[in-house]
Amino acid sequence: MIKVAIIGYGNLGRGVERSIKQNKDMELIGVFTRRAPETVQTEGAKAFTMDELKGKKGAIDVCILCGGSATDLPTQTPEWTRLFNTIDSFDTHAKIPEHFAKVDQAAKEGQTTSIISTGWDPGLFSLNRLYAQSILPVGETNTFWGKGVSQGHSDALRRIEGVIDAVQYTIPNNEVIDKLKAGEKLELTTRDKHFRECFVVLEEGTNAEKIRAEIVSMPNYFADYDTEVHFITQAELDKEHKAMPHGGTVLHTGTTHENTKQVIEYNLQLESNPEFTASVLVAYARACVRLAEEKQYGAYTVLDIPPKYLSPKSDEALRKEL
Ligand code: NDP
């Protein structure tokens with residue numbers, strides 16, 4: 001049995017707890033949190049303080065870090081990698097090389113193994129972009145996200161004065177996807193690829209048109225997109241928009257000889273983004289333990305991991321299913 005610890009218990013942490021229940025070769029040792037453990041409502045797992053984790057070195061094969069990418073993982077992953085094998089879902093793309101270097105150093109010093117930035121993007125989408133571009137070097141890759149909730153954009157809406165609550169959906173432009181699949185060559189701008197749809201709850205007496213203008217012109221978040229804004233009640237938001245669906249498509253269109261068209265499409269449709277991401281982390285936790293058993297210490301990303309290490313099946317069984 002692979003003994004797993006969850007570090008940080010939010011949406012992703014709960015998803016990991018659920019996923020471990022579906023993986024018969026894994027056992028959950030507990031949840032480790034910065035909050036008072038008795039205040040954390042798990043679905044059966046024991047909750048402990050972070051201090052208690054330090055004493056469990058021999059009792060845990062791998063820690064799955066479920067903190068946020070903005071401020072938790074940049075410190076938590078290197079810190080815990082000094083003591084344990086770790087997995088994280090660090091998703092700030094531009095900072096992955098810097099994060100990798102820190103975790104790699106910690107892992108080499110602690111003689112541990114860490115796989116960082118797993119999940120679906122970065123993660124499974126990164127792998128599929130690599131496969132597609134290596135197989136069809138003459139071609140073009142586009143990634144489309146959605147339809148799904150973007151936490152970052154929803155947070156940006158909630159920070160506007162007069163907004164009580166809000167949810168933002170990123171919606172891919174399916175017309176553009178169809179044209180690319182048909183082999184059309186397109187010069188695409190940010191605005192062409194995705195739409196944004198916002199559901200916003202306002203404080204009483206707030207000028208809705210002023211807020212709408214503020215949203216659609218917000219730099220970095222909405223100004224470069226066609227954005228639709230709907231004002232709704234808190235009850236409607238709670239009823240219709242509290243799930244966390246997401247997904248997307250990696251689309252690569254290439255040619256081999258002359259105009260022989262080849263299309264590679266990898267698509268995810270997720271009713272729960274955190275539960276799916278958690279399931280990816282759990283599969284990579286298995287690979288992490290295998291690498292550590294081979295004394296392959298250091299940091300890795302999904303691009304470094306042999307696919308068979310994700311599976312609980314033997315090499316022989318996998319070959320039979322090839
Ligand atoms: P949450 O905000 O739900 O949880 C983050 C941390 O906040 C937890 O680890 C927990 O730490 C703390 N926390 C959670 N709930 C509470 C609470 N009620 N009060 C106080 N603290 C709380 O984030 P998510 O789980 O939704 O997402 C985590 C990260 O997953 C994201 O930042 C993102 O980077 C990553 N992600 C990556 C994806 C990929 O494809 N690579 C896809 C989706 C997400 P503690 O228990 O120590 O207090």
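Remember, it's 1-based here, ligands and their atoms both numbered in the order they're listed.
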Classify the contact between C66 and ligand 1 as side chain, backbone, both or neither, using a heavy-atom distance cut-off of under 4.0 Å.
backbone

Under a 4.0 angstrom heavy-atom cut-off, which atoms of ligand 1 come close to T33?
45 (P), 46 (O), 47 (O), 48 (O)

Proximal ligand 1 atoms for G119, defined as those under 4.0 Å from one of its heavy atoms
39 (C), 40 (O), 41 (N)

Selection from V16, D91, V280 by shortest heavy-atom distance to atom 33 (C) of ligand 1:
D91

I need the atoms of ligand 1 closer than 4.0 Å to a non-hydrogen atom of T118, numbered in the order shown.
41 (N)

Options G13, G68, G248, ranked by nearest heavy atom to atom 5 (C) of ligand 1, top entry
G68

For ligand 1, which atoms sit closer than 4.0 Å to a heavy atom of D72?
6 (C)

Among all protein non-hydrogen atoms, which one is nearest to atom 27 (O) of ligand 1, and what is the separation to 0.1 Å?
L12 CB, 4.3 Å

Between W145 and H246, does the ring centre distance come in under 6.0 Å?
no

Tell me the nearest of W120, F32, F276 to atom 40 (O) of ligand 1, using heavy-atom distances.
W120

Carboxylate-amine/guanidinium contact K239 E236, below 4.0 Å:
no

Residues that N174 engages under side-chain hydrogen bond (donor to acceptor under 3.5 Å, both in side chains), provided they are two or more places apart
none

Within ligand 1, which atoms have a heavy atom of N273 less than 4.0 Å away?
42 (C), 43 (C)

Between H252 and Y266, does the ring centroid distance fall short of 6.0 Å?
no

So is I7 polar-close to ligand 1, meaning N/O to N/O under 3.5 Å?
no

If hydrogens are left out, which of A70, G67, G10 has an atom nearest to atom 28 (C) of ligand 1, that is, the closest non-hydrogen atom?
G67

Rounded to the nearest 0.5 Å, what separation is found between the CZ atom of F100 and the CD1 atom of I116?
6.5 Å

Supply the members, apart from Y297, of the Ile/Leu/Val/Met/Phe/Trp/Tyr cluster built from side-chain contacts under 4.5 Å; use none for a lone residue.
none

Are D91 and S69 close enough, and set up right, to give a side chain to side chain donor-acceptor pair (under 3.5 Å), and what steps lead you there?
CA-CA 6 Å; D91 70 354; S69 289; 2.9 Å; yes

Quick test: of every protein heavy atom, which one is nearest to atom 12 (C) of ligand 1, and how far off is it to 0.1 Å?
R34 NH2, 3.8 Å

salt_bridge(D165, K242) N-O dist < 4.0 Å
yes

Salt bridge or not for E228 and R196, using N-O below 4.0 Å?
no

Less than 4.0 Å between atom 19 (N) of ligand 1 and some protein heavy atom, yes or no?
yes

